[in-house]
Student: 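Here it is, the structure, as structure tokens.
Both backbone and side-chain heavy atoms feed into the values below; hydrogens, waters and symmetry mates do not.
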Amino acid sequence: MRYYKGYIALSDTCDVPLLVHIRNARAVCFDQLRELLEHSMLAPITRSLHWRVARLEKAGLVARLNRKHYLGKPVFGITQQGLECLELRGHSLLSLPSGTERILDPSQILHALELVSIRLAFARAGLLRSWKGELEIASRNLVAADAALKDYDAIAEIEVDGCARKIGIEYEKSAKSAARYQAIRRALEDDDVSDVVLYVSPSDDILYLLAMELSPARKRLGFVLSETFHSLFLDARTLTNSNGTEVVPLRALFEARSVCDPSFD
């Protein structure tokens with residue numbers, strides 16, 4: 001086995017799951033990482049988390065992204081050495097091989113952090129059964145014949161009122177071209193993986209542009225402001241593409257009658 005400069009012995013029960021979480025998040029603050037581990041039934045790791053992260057950083061397996069601070073805290077991401085380490089242990093992704101020259105563009109750091117925040121909101125509410133991020137989705141789509149045609153930012157499997165459903169999640173902070181929205185509508189209609197798609201945006205203008213461009217799609221869609229989503233969560237006012245762009249609490253978007261009935265208008 002190849003040993004890196006500053007080699008450390010890694011624990012398969014503690015260090016490897018920690019590296020997988022950092023890789024899959026793409027960018028993550030320390031407090032977010034701690035909470036992810038707690039909700040993933042890996043709470044024992046958190047007792048030594050500061051030491052473990054510092055140790056992985058010193059070994060070059062994780063790094064602080066651009067040495068910038070977001071939300072007043074350092075942000076961590078995996079390195080090429082970290083990816084190679086995971087590959088040697090059977091945790092590889094076709095969408096992010098260790099030979100990738102640029103693992104994450106700096107412009108995507110806030111996007112990645114917001115998706116972690118969205119995931120944690122579902123987890124705190126006790127709704128989240130599983131979560132697949134964009135890297136995992138893209139990797140599966142590269143090989144699976146029955147994969148979603150749409151590479152969502154995430155797919156969350158949740159349980160509400162005893163009913164499980166899959167939610168495609170997109171975080172949108174910038175506008176796209178009309179041609180691109182047309183392609184997205186087609187992808188949404190062809191997708192048979194998600195029951196509902198939730199669009200989260202920090203901007204009123206982007207939110208209503210999304211609703212205008214995507215509402216014609218034959219897929220249950222919801223559009224919610226990120227500030228409202230995080231402050232009110234299931235009570236957040238959510239624009240939908242049913243009943244003439246009806247506005248409902250977020251929980252209503254996930255109700256069984258609206259999700260399971262394919263004839264909504």
Student: With Arg26, which residues qualify under salt bridge (charged side-chain N to carboxylate O under 4.0 Å, His left out), at least two apart?
Tutor: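 Per chain and number, Arg26 pairs via salt bridge (charged side-chain N to carboxylate O under 4.0 Å, His left out) with Glu134.
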Student: Are Arg140 and Glu136 close enough that some pair of their side-chain heavy atoms sits under 4.5 Å apart?
Tutor: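 Arg140 does not reach Glu136 side chain to side chain.
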Student: Any chain of hydrophobic side-chain contacts (each under 4.5 Å) joining Leu250 to Val248?
Tutor: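 Different clusters.
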Student: Keeping Glu213 on the side-chain end and Leu210 on the backbone end, is there a donor-acceptor pair under 3.5 Å?
Tutor: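 No; zero donor-acceptor contacts below 3.5 Å.
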Student: Report yes or no: does Ser139 contribute a side-chain atom to a donor-acceptor pair with the main-chain N or O of Leu94 at less than 3.5 Å?
Tutor: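 Judged by distance alone, yes, a pair lies under 3.5 Å.
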Student: With respect to Leu214, which candidate in Leu209, Asn241, Ile184 satisfies the side-chain contact (heavy atoms from CB on, under 4.5 Å) definition?
Tutor: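 Of Leu209, Asn241, Ile184, side-chain contact (heavy atoms from CB on, under 4.5 Å) with Leu214 is met by Ile184 alone.
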Student: Does Arg119 have any salt bridge (charged side-chain N to carboxylate O under 4.0 Å, His left out) partners at least two apart in sequence or in another chain, and if so, which?
Tutor: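 So Arg119 forms no salt bridge (charged side-chain N to carboxylate O under 4.0 Å, His left out) with any residue.
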Student: To the nearest 0.5 Å, how far apart are CD1 in Ile22 and CG in Leu56?
Tutor: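 Rounded to the nearest 0.5 Å, the CD1-CG separation comes out at 6.5 Å.
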Student: Where do Cys29 and Leu113 come nearest, in terms of heavy atoms and distance?
Tutor: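 Reported closest heavy-atom pair: N-CD2, 3.8 Å.
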Student: Determine whether a donor-acceptor pair (N or O, by modelled atom type, separation under 3.5 Å) exists between the side chain of Thr238 and the backbone of Val224.
Tutor: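 No; zero donor-acceptor contacts below 3.5 Å.
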Student: If every non-hydrogen atom of Val116 is compared with every non-hydrogen atom of Ala25, which pair is closest and at what distance?
Tutor: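 Scanning both residues, the minimum pair turns out to be CG2-CB, 3.9 Å.
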Student: Distance check, rounded to the nearest 0.5 Å: Leu142 atom CG versus Ile137 atom CD1?
Tutor: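 So the gap between those two atoms works out to 12.0 Å.
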Student: For Arg237, give me all partners under salt bridge (charged side-chain N to carboxylate O under 4.0 Å, His left out), at least two apart in sequence or on another chain.
Tutor: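 Listed in chain order: nothing, the list is empty.
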Student: Linking I/L/V/M/F/W/Y whenever their side-chain heavy atoms sit closer than 4.5 Å, directly or via other members, would Leu115 and Leu127 fall into one cluster?
Tutor: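 Shared cluster, yes.
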Student: Is a donor on one side and an acceptor on the other found under 3.5 Å between the side chain of Asp161 and the backbone of Cys163?
Tutor: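 Side chain of Asp161 to backbone of Cys163: no pair is present.
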Student: For Arg180, does its backbone N or O pair with a side-chain atom of Ser177 as donor and acceptor, under 3.5 Å?
Tutor: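 Here the side-chain-to-backbone pair exists.
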Student: Do Thr228 and Asp235 have side chains that get closer than 4.5 Å, going by heavy atoms?
Tutor: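 When only atoms from C-beta onward are counted, Asp235 and Thr228 do not touch, as no gap falls below 4.5 Å.
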Student: On a heavy-atom basis, which atom in Glu189 and which in Arg218 lie closest, and how many Å separate them?
Tutor: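 That closest heavy-atom pairing would be OE2-N, 3.1 Å.
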Student: Between Leu120 and His39, what is the shortest heavy-atom contact and its length?
Tutor: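 Of all heavy-atom pairs spanning Leu120 and His39, the closest is CD2-CD2, 4.1 Å.
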Student: Restricting to salt bridge (charged side-chain N to carboxylate O under 4.0 Å, His left out), what partner residues turn up for Glu159, sequence neighbours left out?
Tutor: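 Partners of Glu159 under the salt bridge (charged side-chain N to carboxylate O under 4.0 Å, His left out) test: Arg129.
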Student: Tell me, with the steps shown, if Ile45 and Arg52 meet side-chain contact (heavy atoms from CB on, under 4.5 Å).
Tutor: CA-CA 9 Å; Ile45 300 176; Arg52 289 192 183 279; 4.0 Å; yes
Student: Looking only at heavy atoms, what is the nearest atom pair of Phe223 and Ala211, with distance?
Tutor: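 Of all heavy-atom pairs spanning Phe223 and Ala211, the closest is CZ-CA, 3.7 Å.
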Student: Would you say that Ile167 contacts Ile155 through its side chain, given a criterion of any heavy-atom pair below 4.5 Å between the two side chains?
Tutor: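 No - every pair of side-chain heavy atoms lies 4.5 Å or more apart.
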Student: Transitively linked via ILVMFWY side-chain contacts under 4.5 Å: Leu42 with Val62?
Tutor: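 The answer is yes; both residues are in one hydrophobic cluster.
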Student: Go through the steps for Ile109 and Leu104 under the test side-chain contact (heavy atoms from CB on, under 4.5 Å), then give the verdict.
Tutor: CA-CA 7 Å; Ile109 292 175; Leu104 182 65; 4.0 Å; yes
Student: List for me each residue that meets side-chain contact (heavy atoms from CB on, under 4.5 Å) alongside Pro97, sequence neighbours excluded, and say none if there are none.
Tutor: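 Per chain and number, Pro97 pairs via side-chain contact (heavy atoms from CB on, under 4.5 Å) with Glu87, Thr100.
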Student: Salt bridge check: are Asp12 and Arg89 linked by an N-O gap of less than 4.0 Å?
Tutor: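 So Asp12 pairs with Arg89 through a salt bridge.
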Student: How many angstroms lie between CG in Asp190 and CG in Asp192, if you round to the nearest 0.5 Å?
Tutor: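 Those atoms lie 9.0 Å apart.
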Student: Look only at the side chain of Ser11 and the backbone of Thr13, and say whether a donor-acceptor pair between them is shorter than 3.5 Å.
Tutor: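 Flag set: sc Ser11 to bb Thr13 pair under 3.5 Å.
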Student: Show the numbers, then the answer: is there a side-chain contact (heavy atoms from CB on, under 4.5 Å) between Leu83 and Leu93?
Tutor: CA-CA 9 Å; Leu83 290 173; Leu93 287 176; over 6 Å; no
Student: Using residues 197-205 as the side-chain source, report each donor-acceptor pair under 3.5 Å to any protein atom, sequence neighbours left out, with the distance given to one decimal.
Tutor:
{"from": "Ser201", "atom 1": "OG", "to": "Glu172", "atom 2": "O", "distance (Å)": "2.8"}
{"from": "Ser201", "atom 1": "OG", "to": "Ser203", "atom 2": "N", "distance (Å)": "3.2"}
{"from": "Ser201", "atom 1": "OG", "to": "Ser203", "atom 2": "O", "distance (Å)": "3.4"}
{"from": "Ser203", "atom 1": "OG", "to": "Asp205", "atom 2": "N", "distance (Å)": "3.2"}
{"from": "Ser203", "atom 1": "OG", "to": "Ile206", "atom 2": "N", "distance (Å)": "3.2"}

Student: Contact between Leu86 and Ser92 at the side-chain level, heavy atoms closer than 4.5 Å - yes or no?
Tutor: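 Not in contact.
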Student: Just jot down the ring-ring contact (aromatic ring centres under 6.0 Å, His included) partners of His21, sequence neighbours excluded, or say none.
Tutor: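 Once residues adjacent in sequence are excluded, His21 has no partner under the ring-ring contact (aromatic ring centres under 6.0 Å, His included) criterion.
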Student: Ignoring hydrogens, what is the shortest heavy-atom contact between Ala175 and Tyr181? Give both atom names and the distance.
Tutor: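 Taking Ala175 first and Tyr181 second, the nearest heavy atoms are CA-OH, 3.7 Å.
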Student: Ion pair present between Asp15 and Arg55, side-chain N to carboxylate O less than 4.0 angstrom?
Tutor: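 Salt bridge: yes.
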Student: If you measure from OG on Ser40 to CH2 on Trp131, what distance do you get to the nearest 0.5 Å?
Tutor: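 Answer for the OG-CH2 pair, Ser40 versus Trp131, is 11.5 Å.
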Student: Mark yes or no for whether Glu246, through its side chain, and Thr240, through its backbone, hold a donor-acceptor pair below 3.5 Å.
Tutor: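 No: the side chain of Glu246 does not pair with the backbone of Thr240.
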Student: If you draw a 6.0 Å radius around NZ in Lys176, do more than 12 non-hydrogen atoms from other residues or ligands fall strictly inside?
Tutor: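 Yes, because the 6.0 Å sphere around NZ of Lys176 holds more than 12 heavy atoms from other groups.
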Student: Would you give the length of the straight line joining atom CZ of Arg124 to atom CD of Glu38, rounded to the nearest 0.5 angstrom?
Tutor: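 CD of Glu38 is found 10.5 Å from CZ of Arg124.
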Student: Mark yes or no for whether Arg23, through its side chain, and His91, through its backbone, hold a donor-acceptor pair below 3.5 Å.
Tutor: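 Present.
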Student: By side chain to side chain donor-acceptor pair (under 3.5 Å), which residues pair with Ser194, not counting sequence neighbours?
Tutor: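 With neighbours one apart ignored, the set is Tyr152, Asp191, Lys219.
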Student: Under the side chain to side chain donor-acceptor pair (under 3.5 Å) rule, collect the residues that match up with Glu157, sequence neighbours excluded.
Tutor: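 With neighbours one apart ignored, the set is Ser130.
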Student: Tell me, do Leu33 and Leu18 make a side-chain contact under 4.5 Å, heavy atoms counted?
Tutor: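 They are in contact (side-chain heavy atoms under 4.5 Å apart), so the answer is yes.
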Student: Which residues pass the side-chain contact (heavy atoms from CB on, under 4.5 Å) test with Phe30, sequence neighbours left out?
Tutor: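 Expected list: Arg34, Leu49, His50, Val53, Phe76.
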Student: Could you walk me through whether Asn24 and Val20 pass the side-chain contact (heavy atoms from CB on, under 4.5 Å) test, one step at a time?
Tutor: CA-CA 6 Å; Asn24 291 352; Val20 169; 3.5 Å; yes
Student: Could you work out, with side chain to side chain donor-acceptor pair (under 3.5 Å) as the rule, every residue matching Ser231, not counting sequence neighbours?
Tutor: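 Expected list: none.
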Student: Cluster question for you: counting only ILVMFWY and a side-chain heavy-atom cut-off of under 4.5 Å, with indirect links fine, are Leu221 and Val247 together?
Tutor: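 They do share one cluster, since a chain of ILVMFWY contacts under 4.5 Å joins Leu221 to Val247.
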Student: Would Phe233 and Phe122 count as a close aromatic pair, with their ring centres under 6.0 Å?
Tutor: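 That pair passes the under 6.0 Å test.
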Student: Hey, what do you get for OG1 (Thr46) to CG (Leu37), rounding to the nearest 0.5 Å?
Tutor: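 One finds 7.0 Å between OG1 of Thr46 and CG of Leu37.
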Student: Taking only residues two or more places apart in sequence or in another chain, which ones pass side chain to side chain donor-acceptor pair (under 3.5 Å) with His230?
Tutor: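 If we apply the side chain to side chain donor-acceptor pair (under 3.5 Å) test to His230, skipping adjacent residues, the hits are Glu114.
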